[in-house]
Amino acid sequence: MGNGVEMKFGNELEYQLKKYLRRYKRLKGIKLDVKRPELNEEVREALIRGHYEHSEYDIISSILTGNERVLELGTCTGFLACYMAKKCGSENVVSVEANPELTDLIESNCRLNNVSPRLINAIASVEDDIEVPFYIHERVFSSSLKHDEKARKTYQKTIDVNRLINEFRPHVIMMDIEGGETDLLPALELDGVNYLIVEFHPHRCSADEIEVAFNAILSKNYQFNLAVSHDNVFTFQTKTQQAVQSHRGGELQTQ
């Protein structure tokens with residue numbers, strides 16, 4: 001083998017050994033437990049290699065100044081919840097996660113980072129306490145409201161996101177709810193929300209459903225911000241916020 005091939009093989013062997021031995025990974029300054037039984041191999045690999053939720057992190061880190069309140073819909077491992085709590089303060093972050101089997105993982109990662117955002121275990125909806133089917137997938141980030149024959153069916157209660165918005169008054173909403181976004185977005189009342197960051201899931205939703213949800217956001221006085229959108233993660237901001245940014249030279253202003 002040539003030197004380049006040998007080096008590549010040696011690097012990969014070293015990586016696999018470290019992966020086998022490693023308990024914790026520090027990703028973007030956030031300490032995460034990569035040996036948790038809730039994590040399947042694909043998620044563990046993404047965490048260790050540093051690819052996990054990179055688009056979402058790039059977007060939210062470019063937006064937050066530390067003065068915002070953030071509502072996160074779809075927490076998964078708690079990585080972004082921990083980052084946002086460190087940046088803005090735990091009292092300024094509320095995270096909603098539908099999968100009841102991830103609660104211990106999220107709380108453990110929060111303790112590792114000395115943060116305590118408010119965690120709500122429920123399905124993001126516009127009604128409170130309605131028990132609906134939820135499908136738990138082996139790939140933890142793929143658990144969803146959408147029927148999946150490869151997933152385990154359970155039941156989970158809903159929480160009214162419009163009530164949360166009215167009570168918490170977030171400046172930023174992050175949404176990654178595995179296909180549930182197309183039903184939820186048209187029904188949201190987004191008063192006071194300057195930024196809306198949404199991951200769309202074309203493998204779970206039709207193009208028509210995504211178009212309807214996209215247009216529903218635009219109809220609520222938002223515009224699509226291509227400059228801070230990556231892959232399937234789309235960033236929207238209010239037209240008023242865009243005008244404020246332009247006037248202030250691009251600095252994020254929470255109102």
Side-chain angles (χ1 to χ4, degrees), residues 25 27 30 32-49 51-57 60 70-84 93-110 117-161 164 173-185 187-188 197-206 209-210 213 231-234:
K25 164 71 177 180
L27 180 61
I30 302 303
L32 302 166
D33 188 340
V34 297
K35 287 290 189 181
R36 295 284 305 201
E38 299 94 333
L39 302 178
N40 70 313
E41 190 61 23
E42 184 179 356
V43 176
R44 188 175 291 112
E45 185 89 0
L47 284 167
I48 292 174
R49 289 190 183 273
H51 302 154
Y52 180 75
E53 292 190 339
H54 60 92
S55 294
E56 293 89 337
Y57 173 82
I60 197 65
V70 187
L71 173 60
E72 180 186 35
L73 306 178
T75 308
C76 199
T77 65
F79 163 57
L80 290 176
C82 290
Y83 167 75
M84 294 184 295
V93 179
V94 173
S95 291
V96 177
E97 172 53 51
N99 188 345
E101 297 182 5
L102 292 178
T103 301
D104 287 346
L105 169 65
I106 297 165
E107 290 179 343
S108 173
N109 282 330
C110 286
R118 180 186 174 193
L119 175 62
I120 300 170
N121 186 216
I123 290 170
S125 176
V126 288
E127 294 181 284
D128 277 320
D129 297 324
I130 306 298
E131 198 169 75
V132 298
F134 185 74
Y135 298 89
I136 298 177
H137 203 285
E138 183 184 54
R139 302 165 73 236
V140 290
F141 54 76
S142 295
S143 299
S144 173
L145 281 169
K146 303 288 186 179
H147 180 264
D148 189 336
E149 293 182 356
K150 297 179 181 178
R152 290 180 289 110
K153 181 180 179 181
T154 186
Y155 288 87
Q156 176 64 286
K157 288 188 175 181
T158 61
I159 189 165
D160 184 351
V161 177
L164 281 181
I173 293 179
M174 291 203 66
M175 184 183 302
D176 181 3
I177 53 176
E178 291 299 318
E181 65 275 4
T182 55
D183 290 328
L184 183 61
L185 284 166
L188 287 186
I197 303 162
V198 182
E199 180 169 356
F200 286 102
H201 298 83
H203 61 291
R204 294 196 180 276
C205 306
S206 70
E209 289 174 320
I210 292 173
D231 301 325
N232 290 328
V233 186
F234 287 42

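By convention here, the first residue in the shown sequence is residue 1.
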Using side-chain heavy atoms (C-beta onward) and a distance below 4.5 Å, is Tyr135 in contact with Ser143?
no
Check: Ser55 and Asn232 side chains under 4.5 Å, non-hydrogen atoms
no
Consider side chain to side chain contact (heavy atoms under 4.5 Å, CB included). Of Val93, Val70, Leu80, which one does Pro117 pass it with?
Val93
Counting distance only, does the side-chain N/O of Glu97 pair as donor-acceptor with the main-chain N or O of Cys76 below 3.5 Å?
yes
Which heavy atom of Cys205 sits nearest a heavy atom of Gly179, and at what distance?
SG-O, 3.3 Å
Once rounded to the nearest 0.5 Å, what's the spacing between atom CG of Asp160 and atom OG of Ser125?
7.0 Å
So, does Arg44 use its side chain to make a donor-acceptor pair with the main chain of Val34 at under 3.5 Å?
yes
Taking it one step at a time, do Ile177 and Val96 satisfy side chain to side chain contact (heavy atoms under 4.5 Å, CB included)?
CA-CA 10 Å; Ile177 53 176; Val96 177; over 6 Å; no
Quick one: closest heavy-atom pair of Leu32 and Asn109, and the distance?
CA-OD1, 3.6 Å
Side-chain contact test, heavy atoms from C-beta onward, threshold under 4.5 Å: evaluate it for Tyr52 versus Thr77 and give yes or no.
yes
More than 12 heavy atoms of other residues, nucleotides or ligands under 6.0 Å from CZ of Arg36: yes or no?
yes
Residue pair Asp33 / Ser108, side-chain donor-acceptor N/O under 3.5 Å:
no
Hey, does the side chain of Asn99 reach the backbone of Glu101 with a donor-acceptor pair shorter than 3.5 angstrom?
yes
Taking the side chain as everything from C-beta on, heavy atoms only, tell me whether Asp231 gets closer than 4.5 Å to His54.
yes
Please test Met175 against Leu184 for side chain to side chain contact (heavy atoms under 4.5 Å, CB included), starting from the C-alpha separation and ending with a verdict.
CA-CA 10 Å; Met175 184 183 302; Leu184 183 61; 4.0 Å; yes
Under 4.5 Å between any side-chain heavy atoms of Leu102 and Thr75, yes or no?
no
What pair of heavy atoms forms the shortest contact from Met84 to Ile60, and how long is it?
SD-CG1, 3.9 Å
Can you tell me if Lys25 uses its side chain to pair, donor with acceptor, with the backbone of Ile48 under 3.5 Å?
yes
So which heavy atom on Glu178 is nearest to which on Ser144, and how close?
O-OG, 2.8 Å
Under 3.5 Å, is there a donor on one side chain and an acceptor on the other for His201 and Asp176?
yes
Any side-chain heavy-atom pair of Glu56 and Glu72 under 4.5 Å:
no
Going by heavy atoms in the side chains, are Arg118 and Leu164 under 4.5 Å from each other?
yes
Of all heavy-atom pairs linking Ala122 and Thr158, the shortest is CB-C, 4.2 Å
Give, for atom CD of Glu38 and atom CD1 of Ile136, the distance between the pair rounded to the nearest 0.5 Å.
11.5 Å
If every non-hydrogen atom of Tyr155 is compared with every non-hydrogen atom of Glu131, which pair is closest and at what distance?
CB-CG, 3.7 Å
Atom pair CE (Met174) and CG (Leu73), whose distance is rounded to the nearest 0.5 Å:
10.0 Å
Say you draw a straight line from CD1 of Ile30 to OH of Tyr83; how long is it, rounded to the nearest 0.5 Å?
8.5 Å
Rounded distance [0.5 Å steps], CD1 in Ile159 versus CG in Asp128
6.0 Å
If you measure from CZ on Arg204 to OG1 on Thr182, what distance do you get to the nearest 0.5 Å?
11.5 Å
So, Glu45 side chain and Val43 main chain: donor-acceptor pair closer than 3.5 Å or not?
no
